[in-house]
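Note sheet for the following structure.
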Amino acid sequence: MSVDTARAAVPETRRTAARRVSSSLSARPRARLALLLAAPLTWLVLVYVVALAALLVSALWTVDSFTGEINRSLTFDNLKEIATESLYRTVTLRTVGVAVLVTVVDVAIALPIAFYMAKLASQRMQRILVIAVLTPLWASYLVKAFAWRSVLSDGGIFQWAASRIGLDTPGYGLTAVVITQAYIWLPYVILPIFAGLERVPNSLLDASGDLGASTWQTMRTIVLPMLTPAIIAGSIFSFSLTLGDYITVNIVGGANQMLGNLVYTNVGAANNLPLAAAIALIPIVIMIGYLTAVRRTGALENL
């Protein structure tokens, strides 16, 4: 068979538009990556970056005290107010303090649970515990908050159990806020620490024991340094979620206020959106500072 006859016997591939585009992109990896990331990056810019820019701009507006209309001329009056008024400093310190306490409580509870799940439990028990940790996330946030309101109320389960050992319920206040939020955010802290512990080789723990190190020495010199990024990753969840929360404080916080309450009040009852936007910048700035401080630890890779 001649060469011409062989060529005629092979059907010619159709050069469709899709095939031409595919061939072109196969030779241009950067263009392929740009098209792949175009949609999510556009969504990210629109939802987050533009939203934050709009928040910053609206914080520079003011509200006419007589008409209630928004004056869109730019001014730093709202920012000066939240920087100089003692109310906002007090509420900010209270909010940060509650967020730190919630984070410390969650980390203290999550460490032994995650360690047992990752290093001691059988595979079957590990799966059961993972499901048990995830199950509270399926329940409504409001249901969990109101459940704790019932538990901590006078005559509730907490008071009944505590009275057996001569104690009493803490009632509604900052202690109740810490307890409730620590419970709600605990799964978000357990899971990153559990994932971090799974990456700690068992051979290192065995070698440490063979060399005569005690359990505490092994935890302090081997486990904790390797687990620090995972702990920080879990703390980002509990700390940031507590900073922006206002529902729990309204339900179990009594008369206490946090930054979220001030934002909610100014958006709703006070009808002062610019001041609410200025207050909302406080937790954003705090979280930006926190993330900047921990980004070199590798914690962001564990989120």
Side-chain angles (χ1 to χ4, degrees), residues 90-91 93-122 124-194 197 231 233-265 268 283:
T90 302
V91 174
L93 291 175
R94 181 186 300 138
T95 303
V96 173
V98 169
V100 170
L101 282 175
V102 169
T103 301
V104 170
V105 170
D106 277 346
V107 170
I109 297 174
L111 279 172
I113 295 175
F115 185 83
Y116 178 81
M117 291 169 59
K119 298 301 180 185
L120 301 178
S122 63
R124 181 174 180 273
M125 180 57 66
Q126 186 181 92
R127 288 193 294 267
I128 293 174
L129 291 174
V130 169
I131 294 173
V133 169
L134 292 175
T135 298
L137 299 178
W138 302 344
S140 168
Y141 176 97
L142 288 175
V143 169
K144 291 183 284 189
F146 275 108
W148 273 103
R149 179 180 175 89
S150 176
V151 169
L152 297 172
S153 63
D154 291 334
I157 298 175
F158 194 100
Q159 188 179 54
W160 173 80
S163 63
R164 305 295 177 124
I165 55 176
L167 300 177
D168 196 7
T169 177
Y172 303 140
L174 292 180
T175 302
V177 173
V178 172
I179 293 173
T180 303
Q181 290 188 330
Y183 166 78
I184 293 175
W185 310 136
L186 182 59
Y188 297 98
V189 181
I190 292 178
L191 293 177
I193 296 178
F194 168 66
L197 279 167
I231 294 174
S235 73
I236 291 173
F237 284 112
S238 60
F239 187 75
S240 62
L241 291 171
T242 304
L243 277 182
D245 185 77
Y246 71 94
I247 298 176
T248 300
V249 186
N250 286 336
I251 295 175
V252 300
N256 294 288
Q257 285 187 319
M258 292 172 62
L259 288 173
N261 301 103
L262 296 183
V263 174
Y264 177 78
T265 300

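From L241, atom CG reaches atom CD1 of I184 across 10.0 Å, with rounding to the nearest 0.5 Å. Separating the OG1 atom in T180 from the NZ atom in K144 is a distance of 11.5 Å, to the nearest 0.5 Å. Note that CD1 of I251 is 4.0 Å distant from CZ of F146, once rounded to the nearest 0.5 Å. Considering CD1 of I193 and OG of S235, their distance stands at 8.5 Å, rounded to 0.5 Å. If you take CG on L134 and CG on L191, they are separated by 5.5 Å, rounding to the nearest 0.5 Å.
Shown here for Y246 and G260, the closest heavy-atom pair between the two residues is CB-C, 3.4 Å. Shortest non-hydrogen contact noted between Q126 and A121 is N-CB, 4.1 Å. In plain terms, the two heavy atoms of I247 and D245 that are nearest each other are N-OD2, 3.6 Å. Between A110 and V189, the shortest heavy-atom distance links the atoms CB-CG1, 3.8 Å. Across A233 and P192, no two heavy atoms sit closer than the pair CB-CB, 4.3 Å. Residue V177 comes nearest to G253 through the heavy atom pair CG2-CA, 3.5 Å, listed as atom of the first residue, atom of the second, then distance.
Looking at Q159, its side chain never comes within 3.5 Å of a backbone N or O of D168 through a donor-acceptor pair. When atom types are taken as modelled, the side chain of T265 and the backbone of L262 share no donor-acceptor pair closer than 3.5 angstrom. Remark: the backbone N or O of Q181 is not paired with any side-chain donor or acceptor of T248 at under 3.5 angstrom. With hydrogens and angles disregarded, a donor-acceptor distance shorter than 3.5 Å links the side chain of T169 to the backbone of L152. Panel note: side chain R94, backbone M258; no donor-acceptor pair is recorded below 3.5 Å. The backbone N or O of F237 sits less than 3.5 Å from a side-chain atom of S240, completing a donor-acceptor pair.
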### Task
Test F158 against S153 for side chain to side chain contact (heavy atoms under 4.5 Å, CB included), laying out the working first.
CA-CA 8 Å; F158 194 100; S153 63; over 6 Å; no
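Here the side chains of Y188 and L137 are in contact, with some heavy-atom distance below 4.5 Å. You'll find the side chain of P170 reaches within 4.5 Å of the side chain of I179, heavy atoms only. Residues L101 and T242 are not in side-chain contact: their nearest non-hydrogen atoms beyond the backbone lie 4.5 Å or more apart. For the pair W148/V151, a side-chain contact is recorded, criterion being any heavy-atom separation below 4.5 Å from C-beta on. Residues L129 and Y116 form a side-chain contact, since some pair of their non-hydrogen atoms from C-beta on lies under 4.5 Å apart. Between L111 and I231, the closest side-chain pair of non-hydrogen atoms falls below 4.5 Å.
Residue-environment remark: CG (L142) exceeds the threshold of 12 foreign heavy atoms within 6.0 Å.
Between W185 and Y141, the ring planes lie tilted relative to each other; the angle falls in the 30° to 60° range.
Checked against V104 for a side-chain contact (heavy atoms from CB on, under 4.5 Å), the options V100, V102, V107, D106 give a single hit: V100.
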